[in-house]
Amino acid sequence: MASLPVSTTINSDDVEYLCHADESLLDVLRDRLGLMGAKEGCGTGDCGACSVIMDGRVVCSCLVLGAEAEGRNIETIEGMADGNTLHPLQQKFIEHAALQCGICTPGFLMAAKALLDTNPDPSEEEIRFWLAGNLCRCTGYDKIVRAVADAAIVMREERA
Amino acid sequence: MSLDTTYQGRNFRSVGTRPLRPDGVDKVTGRARYGADFNMPGQLVARILRSPHAHARIVRIDTSRAEALKGVKAVVTAADLPDLTEGDQGLFNTLENCMARTEVLYDGHAVAAVAAIDARVAKQALKLIEVEYEVLPHVTDVDMAARPDAPKANGTAPNIAKQTEFGHGDVDAGFARADVIVERSFLTEQTHQGYIEPHACVASCNSDGTAEMWVCTQGHFVYRQTCASLLGLDVSKLRVTSSEIGGGFGGKTHVWAEPVALALSRKAGRPVKLVMSREEVFRASGPTSATSIDVKIGATKDGRITAATAHLRYSNGPYADGWAEMGAMTSFACYDLENVKTVGSEILVNRPKVAAYRAPSAPMAAFAVESAVDELAQKLGIDPVEFRIQNAASEGTRSSYGPVYGPIGIGPTLEAAKAHDHMKAPLGPNQGRGMACGFWFNFGGQTCTDLNINADGTVTLAVGTVDVGGSRASLSLIAAEELGIDYKDVKAVVADTATLGYNDMTDGSRGTFSSSMATISAARNAIEVMRQRAALIWDIPVEDIDWEDGHAVARGENYGNLPPLSVADIAAEAGTTGGPIAGHSEIVADGAGVSFATHICDVEVDPETGSTRIKRYTVIQDAGKAVHPSYVEGQYQGGAAQGIGWALNEEYVYGEDGRLQNPGFLDYRIPVCSDLPMIDTQILEIPNPNHPYGVRGVGETSIVPPLAAIANAISNAVGVRMTHIPMSPPRILAALDREKAG
């Protein structure tokens, strides 16, 4: 099968790659670019473990074709921290013990970032419905919701 | 030095605090490496061909066309995994479950596997493998399978494969004394552990007979043993490294496809990566039993239970394991009963081989028993908490499964429930409140730990129990506590099978319990060495040296001018006082204290749709001693959430054709964030007398009460006793319709 050349932006860097027409963005990230932070939990868009942000919207990278990234702006978990400074969401997830096994964590962080980038002061209900596309089997979501709410406070203070 | 494990009480300085976990940054930055996140040079990609039939004889397999495909490097069938099990039935079952031999026994049973240069070629190759099946009659339902005329699920073995019995006293005499008797039958459907990370491994067999495997597992030492036995390798020649694990809940205590990956690597002469798809995870790994349970309980008017019986039928998949046996043992473990009898029947069906799922078998038994207990309390007009308090087991009670209890938490969790705000909160229309109790044995097992004192006085703790939910933080706290140093100076790692002695699985809630016991023992051994080194440094008798707050301290007036030596001071002199300093420990961690919990739940049921919403949920559980309370709460909340999914939604749906109809997260729907409320927790600490710090396992008990607590809540909300789990909207509507029809 012929490969397609793709030019895109990933975590602010210009990236070029070749991929097959039917290859998912998740497979491109993991297998071609070595960005393993996005996880495949289902491959059918049901678990959110592969969530990345594309042009400001959270998407399941398993449901996006690698070729569709052409000209887009992609954010992945690998680009969330600023060097050694964690993003407030990352810091709060650790502080609140909002992860146990941690396999869902990159996806949750991406989804929560997309939420707080557009809604800096979400209610508990808004957090719960926004994150409903991300499955976590360990925590019962309690500490995740608290971590997101707490990170929102920090981010509002940083902006003020 | 042998370890005195007796609980002696102490004022903790590290244990009970909530420091940041050592693997936190890796896990929030995407750097943590899970099963599928590892690659080797020259690695091939494996795919497995699975049976489309529930039960069939394999007439012929032709792999020649697949082998001829460009890019295919190996194809294996059962012929490549010869039977080396030498009469060990359990091991043979594992082998046959990895790769069907003469018959396929369930939809999804592996029949062949390929390794190719990439996934595309591997998938193409699967389509070129020709398998001729002779379809055989099948049975997937637990009650149907128990009937005498049912098709046999596996060869000539009877479907009722094994029966076990527990109890004491005279139940007939007990029922004769009862004023009120409740007798009910209950059903629960099959559920999956639902870990988000599919099974994954990279296997590499070398031409010199050595092999390596990277794998997500709850027990890499056990995987090594099993795989070495099945492949005919020396245990020492197979090195297994456990990846970070993306959830297991019991489902990663069993070998599934790892021997197949090794066989492919051996045949191809190259490393092989094998990652299951979600569909394969559902069809071919893990589920817990479906059950059918009859319960009978009698009590006097004043609320004393006089007799209790239960007959529990648990589906096992095609192989007889002990799942009903554990259900029979746990059924009435919460209560002090004079007359009790339970019978467990292991039922063979053409479904995947059942695997452990968090307190395996206990939630279904608790659903049946705690529902009947609730109904009995209602009939007697006694408050359900009071009724349970009146009949609760306590220290000295002979349990329904045999042993006599030490100090236990069932009474205290019930008293805490009685006093909890939640019990007094008002309920709205269509709402109901339910509560239920749960028990789990907990387990200790073989454990080995190394504690190395580094040159700068920091500590590396190597443990062999896989960290499934924060145990590296807990064990670092334990080492810091015992040594008297700071948490930040301890780094805990999970060692691979070549660098540490054997460890049992992380199962039975044993990770923190058993490895903390071994860590305390290793720390005490290291302290002993450091006292001896201090004696050499100071040139005084070791008997005159105490260990206090992380320092060697010379005791007595003669040594008044000797400043205490820190771990770093002593480590700095290691080269001249006898070499590296370490403490080791190899133990069987006996004395895992049994665990009890009480849960309270409020639900609201929509009478038009039959849909249930959890309005409020409270978990009260005995932890013995909560080492890192945040992760103890996490275990309580996570177990409750899994129980809520089981109670309301999750079930394997099989068609008439014996095939699984919902092998995906869309149709097998686990709770999502918007389904749940906050889950309140209350940690009780009734010290385990058999652990130096009083620790009990905390991981599993939290999944035991939810099925019953929610069923009791729904029954109270709608006025109809719910007897079939999951209580999905159609089942609730049907129950309401039946009630209306009278």
Side-chain angles (χ1 to χ4, degrees), chain A residues 1 20 22 27 30-31 34-47 49 76-78 80-81 86-87 89-91 93-109 124-125 127-146, chain B residues 18 20-21 23-34 36-37 119-120 193-198 244-249 275 277-279 468-470 473 617 628 630-631 633-642 644 664-666 669-681:
Chain A
M1 186 181 285
H20 295 302
D22 63 351
D27 285 346
R30 290 181 56 86
D31 298 340
L35 297 172
M36 297 255 201
K39 308 299 178 191
E40 180 170 318
C42 66
T44 51
D46 298 314
C47 79
T76 74
I77 188 66
E78 288 87 354
M80 194 172 188
L86 295 180
H87 186 281
L89 276 163
Q90 293 173 310
Q91 186 62 35
F93 264 59
I94 303 177
E95 285 176 15
H96 283 266
L99 53 138
Q100 285 176 32
C101 82
I103 191 88
C104 70
T105 306
F108 266 97
L109 287 168
E124 182 190 332
E125 195 176 11
I127 295 172
R128 286 189 179 277
F129 276 85
W130 184 276
L131 297 178
N134 292 77
L135 299 180
C136 169
R137 194 57 157 173
C138 293
T139 65
Y141 305 104
D142 183 301
K143 293 181 189 300
I144 291 175
V145 173
R146 290 176 201 277
Chain B
R18 301 174 185 241
L20 305 185
R21 62 193 289 165
D23 51 330
V25 172
D26 277 350
K27 286 184 172 168
V28 300
T29 55
R31 291 184 204 181
R33 289 188 307 166
Y34 294 84
D37 301 339
R120 185 180 306 266
Q193 296 81 349
Y195 31 83
I196 307 300
E197 183 198 25
E244 291 293 340
I245 181 171
F249 315 108
V275 182
S277 68
R278 177 56 51 185
E279 181 181 323
V468 296
Y617 204 100
H628 191 309
S630 297
Y631 291 103
E633 291 162 2
Q635 290 297 320
Y636 291 7
Q637 291 163 337
Q642 285 184 317
I644 290 167
F665 277 136
L666 187 63
R669 191 177 178 286
I670 72 173
V672 303
C673 198
S674 54
D675 292 334
L676 299 179
M678 292 297 185
I679 296 169
D680 295 332
T681 57

Shortest non-hydrogen contact from [X] toward [Y]:
| X | Y | value |
| --- | --- | --- |
| A/Gly102 | B/Tyr34 | C-OH, 3.0 Å |
| B/Pro671 | A/Tyr141 | O-OH, 2.7 Å |
| B/Phe665 | A/Gly41 | CE1-O, 4.2 Å |

Between [X] and chain B, which part of the residue has a heavy atom less than 4.5 Å away: side chain, backbone, both or neither?
| X | result |
| --- | --- |
| A/Phe129 | both |
| A/Thr44 | neither |
| A/Glu125 | neither |
| A/Ala132 | both |
| A/Leu109 | side chain |

Please classify the contact of [X] with chain A as side chain, backbone, both or neither, using a heavy-atom distance under 4.5 Å.
| X | answer |
| --- | --- |
| B/Leu676 | both |
| B/Val25 | both |
| B/Ser277 | neither |
| B/Glu197 | both |
| B/Glu279 | neither |
| B/Tyr636 | neither |

Under a 4.5 Å cutoff for heavy-atom pairs, which residue among [options] has the most contacts with chain A?
| options | answer |
| --- | --- |
| B/Asp23, B/Leu20, B/Asp26 | B/Leu20 |
| B/Gly248, B/Ser630, B/Ala641 | B/Ser630 |
| B/Gly247, B/Gly469, B/Gly470, B/Gly194 | B/Gly194 |

In Å and rounded to the nearest 0.5 Å, what is the [atom1] to [atom2] distance from [X] to [Y]?
| X | Y | atom1 | atom2 | answer |
| --- | --- | --- | --- | --- |
| B/Ile196 | A/Cys138 | CD1 | SG | 8.0 Å |
| B/Arg18 | A/His96 | CZ | NE2 | 11.0 Å |
| A/Ile94 | B/Arg21 | CD1 | CZ | 9.0 Å |

Donor-acceptor pair, side chain of [X] and main chain of [Y], under 3.5 angstrom:
| X | Y | answer |
| --- | --- | --- |
| A/Arg137 | B/Ile670 | no |
| A/Asp142 | B/Ile679 | yes |
| B/Lys27 | A/Cys101 | yes |
| A/Arg30 | B/Ala36 | yes |

Any side-chain heavy-atom pair of [X] and [Y] under 4.5 Å:
| X | Y | answer |
| --- | --- | --- |
| A/Met80 | B/Val28 | no |
| B/Val672 | A/Leu135 | yes |
| A/Trp130 | B/Cys673 | no |
| B/Asp37 | A/Lys39 | yes |
| B/Met678 | A/Arg146 | yes |

- Message: Using side chain to side chain contact (heavy atoms under 4.5 Å, CB included), reason through B/Thr29 and A/Gln90 one step at a time and then give a plain yes or no.
- Response: CA-CA 8 Å; B/Thr29 55; A/Gln90 293 173 310; 3.9 Å; yes

Interface residue of largest heavy-atom contact number with chain B, from [options], under 4.5 Å:
| options | result |
| --- | --- |
| A/Leu86, A/Thr139, A/Ile144 | A/Thr139 |
| A/Ala81, A/Gly37, A/Ala97 | A/Ala97 |
| A/Leu99, A/Asn134, A/Thr105, A/Leu131 | A/Leu99 |

- Message: Check this for me, if you would: do B/Glu633 and A/Lys143 make a salt bridge, where the nitrogen-to-carboxylate-oxygen distance has to be below 4.0 angstrom?
- Response: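 A/Lys143 and B/Glu633: salt-bridged.
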
- Short N-O contact, A/Asp22 and B/Arg120, less than 4.0 angstrom: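 Salt bridge: yes.
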
- Query: Considering residues at least two apart in sequence or located in another chain, which fulfil the salt bridge (Lys or Arg N to Asp or Glu O under 4.0 Å) criterion with B/Arg278?
  - Reply: none

